[in-house]
Number of protein chains: 2
Amino acid sequence: MKLTPAGKCQQCSAFHEVGGFCSHLDAEELESLSAESRSVMLRRGDTIDSNELNTWPVLLIATGILSMQHLLEDGRKTIAAFFMQGDIIDMRNMPARHRGSLIALGKSKICRLSPKVFGDILEKNPSAQRVVWENLRTQTYRAMEHSADLAKKQALEKLASFIFECQHRQIITVSKNSVTIPVRRIDLAEYLGMQPETVSRGFKELEERGILEFQNTLSLKILNAPALRRIANGDRSSDHMPTAGERRFKVLSFG
Amino acid sequence: MKLTPAGKCQQCSAFHEVGGFCSHLDAEELESLSAESRSVMLRRGDTIDSNELNTWPVLLIATGILSMQHLLEDGRKTIAAFFMQGDIIDMRNMPARHRGSLIALGKSKICRLSPKVFGDILEKNPSAQRVVWENLRTQTYRAMEHSADLAKKQALEKLASFIFECQHRQIITVSKNSVTIPVRRIDLAEYLGMQPETVSRGFKELEERGILEFQNTLSLKILNAPALRRIANGDRSSDHMPTAGERRFKVLSFG
DNA sequence: CGGCAAGTTGAGCCAGGTCAACTCCGGTGG
DNA sequence: CCACCGGAGTTGACCTGGCTCAACTTGCCG
């Protein structure tokens with residue numbers, strides 16, 4: 001097979017994934033976008049600096065995970081959002097005050113799209129436009145929902161919500177109740193506005209209550225989805241019910 | 001002057017404001033959008049219910065202020081975002097889980113846009129498309145910034161950030177340092193994830209430190225913008241410096 | 001000018017932050 | 001192959017910012 005100039009795109013998730021932005025482009029568009037764009041590999045900790053964002057303000061995540069981080073004067077750090085496979089980040093003319101830094105949280109491949117070609121495509125290709133539009137709206141409403149979580153939920157409730165968020169966003173689903181957490185504990189804590197210690201204690205409690213079970217730090221199984229759902233929704237009525245763990249133990253020991 | 005079918009639009013901020021969505025439409029587009037859309041007046045507390053959002057998922061705020069509220073099982077309530085003049089809310093095909101309720105926080109006029117005509121316009125009118133796109137992006141990054149505020153900032157810091165947010169969003173600026181808070185204390189507390197009591201105490205402290213001064217509950221003057229900025233940015237080094245108020249008092253009493 | 005919601009003030013308490021010590025794990029080099 | 005190392009994660013003890021509840025004041029609207 002002859003490798004067109006856009007041949008590299010054949011390997012890219014944004015091209016071959018159904019619904020991926022580049023899969024909606026015609027040959028000519030793909031050609032010119034590809035010619036004017038640059039893809040990069042990032043490792044954990046790599047930062048896309050401000051200068052770079054000025055020349056390359058439009059990014060597409062091909063694989064991996066990026067974070068938008070905000071830093072306070074005294075070093076407190078927050079992750080305002082996660083960007084994952086298929087997400088498009090459009091920072092054209094963003095005033096600096098709206099900008100955090102974009103930092104990779106693991107090995108990632110991103111494509112810096114030519115702002116000009118990107119803009120042209122949005123104007124002329126309604127189906128590509130729709131994909132980008134949907135993506136941005138999802139980001140918006142996700143961010144708002146996340147705000148709501150941060151504003152009023154307690155530690156356990158935030159963790160529960162987060163697990164569902166991971167479940168909804170994950171691309172490959174091994175089994176219905178398996179969820180993979182795509183980031184380290186520290187990042188998770190920063191995203192949820194809590195301390196790593198608190199995250200640890202929270203997960204421990206959820207395990208003790210028999211609601212979930214960790215395979216390892218990054219992957220878990222939901223054992224009692226309704227209970228987890230109730231916690232995520234802030235239903236405190238069941239807070240002091242006997243836990244599944246306790247109950248099972250008693251039955252076994254007296255049975 | 002002859003009143004065209006879209007005559008009602010002549011009065012609307014979205015039409016006559018520079019940069020307003022409808023000001024970017026040509027006569028024909030305005031005509032058909034207007035014919036298929038419905039504007040409504042809302043009063044504080046009016047809710048746009050879920051059914052309504054299914055038939056009219058695209059809204060444009062002409063004047064006033066709406067909130068996106070999320071409710072937890074046990075009654076805790078959060079305001080995830082404010083929508084103000086010029087904002088466009090596009091809820092087409094949003095899964096229910098991403099949806100809070102839209103509730104007016106004061107007298108507002110909104111225009112329910114025909115989703116079909118709105119969609120057609122986005123495809124065909126690049127300049128209108130750009131306006132909507134910019135608006136959505138602003139909403140996105142604002143929501144992310146707000147998440148960052150909620151995640152790690154303390155009460156005072158959140159208040160300080162909020163004042164700057166109001167300053168940036170307000171349409172009419174009386175004087176450089178006057179800021180109008182567009183919502184009541186309760187709403188503000190819900191937006192910032194705190195209690196009204198805490199809001200009150202926070203503002204009191206900022207006044208006592210001589211950083212700002214309230215004209216009435218809704219409007220204030222910033223007296224020391226750099227100090228407010230430092231607080232908003234989470235600089236705790238100045239936390240226990242003598243306050244302007246204290247200093248002034250001492251000078252006067254010994255002078 | 002009265003009534004009621006909004007906002008403020010005060011006192012006490014607790015969820016989660018902080019700090020410090022410890023364990024676990026993956027990678028590295030001898 | 002194993003000993004070592006360093007960062008990530010966990011556990012424990014303590015402390016505090018902001019929540020809670022209750023009483024009070026203010027200000028708006030009829």
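Convention: sequence-line order gives letters A, B, ...; per-chain numbering from 1.
- The nucleotide whose nearest atom lies closest to any side-chain atom of B/Ala155 is, among D/dG18, D/dA8, D/dG12, D/dG18.
- Using cut-offs of 30° and 60° for the angle between ring planes, the B/His146 and B/Tyr191 rings count as parallel.
- Across all strands shown, A/Gly193 has heavy atoms under 4.0 Å from sugar-phosphate atoms exclusively, and none from any base.
- In this structure, NZ of A/Lys152 is placed 8 Å from P of D/dC19, rounded to the nearest angstrom.
- Judged by distance alone, with hydrogens and angles left aside, the side-chain atoms of A/Gln85 form no donor-acceptor pair with the main-chain N or O of A/Gly64 at under 3.5 Å.
- Comparing atom distances between the A/Gln154 side chain and each of C/dA15, D/dG9, D/dG12 picks out C/dA15 as nearest.
- No salt bridge links A/Arg201 with A/Glu205; every basic N to acidic carboxylate O contact stays at or beyond 4.0 Å.
- Atom C1' of nucleotide C/dC4 and atom CD1 of B/Ile186 are separated by 13 Å, given to the nearest angstrom.
- Residue B/Arg201 places a side-chain atom within donor-acceptor reach of the base of C/dG10, judged by atom type and a 3.5 Å distance cut-off alone.
- No donor-acceptor contact under 3.5 Å links the side chain of A/Gln195 to the base of C/dC19.
- In the set D/dA8, C/dT9, C/dG7, the nucleotide with an atom closest to the side chain of B/Arg185 is C/dG7.
- Atom NZ of B/Lys77 has 12 or fewer neighbouring heavy atoms from other residues, nucleotides or ligands inside a 6.0 Å radius.
- Using a 4.5 Å heavy-atom cutoff, the side chains of B/Arg112 and B/Ser37 are not in contact.
- Recorded end-axis angle for the helix from C/dC1-D/dG30 to C/dG30-D/dC1 stands at 50°, based on five pairs per end and rounded to 10 degrees.
- If you take CD of B/Glu207 and C1' of C/dT8, they are 12 Å apart, rounded to a whole angstrom.
- For D/dC19, one of the phosphate oxygens OP1 or OP2 lies less than 4.0 angstrom from a side-chain nitrogen or oxygen of B/Thr198.
- Side-chain proximity of A/Met194 to D/dC19, C/dG17, C/dG7: nearest is C/dG17.
- The main-chain N or O of B/Leu42 is never found under 3.5 Å from a side-chain atom of B/Ser108 such that the two would form a donor-acceptor pair.
- A salt bridge (Lys or Arg N to Asp or Glu O under 4.0 Å) check over residues 59-76 of chain B, counting only residues at least two apart or in different chains, returns the pairs A/Glu157-B/Arg76, A/Arg236-B/Asp74, B/Asp74-B/Arg76.
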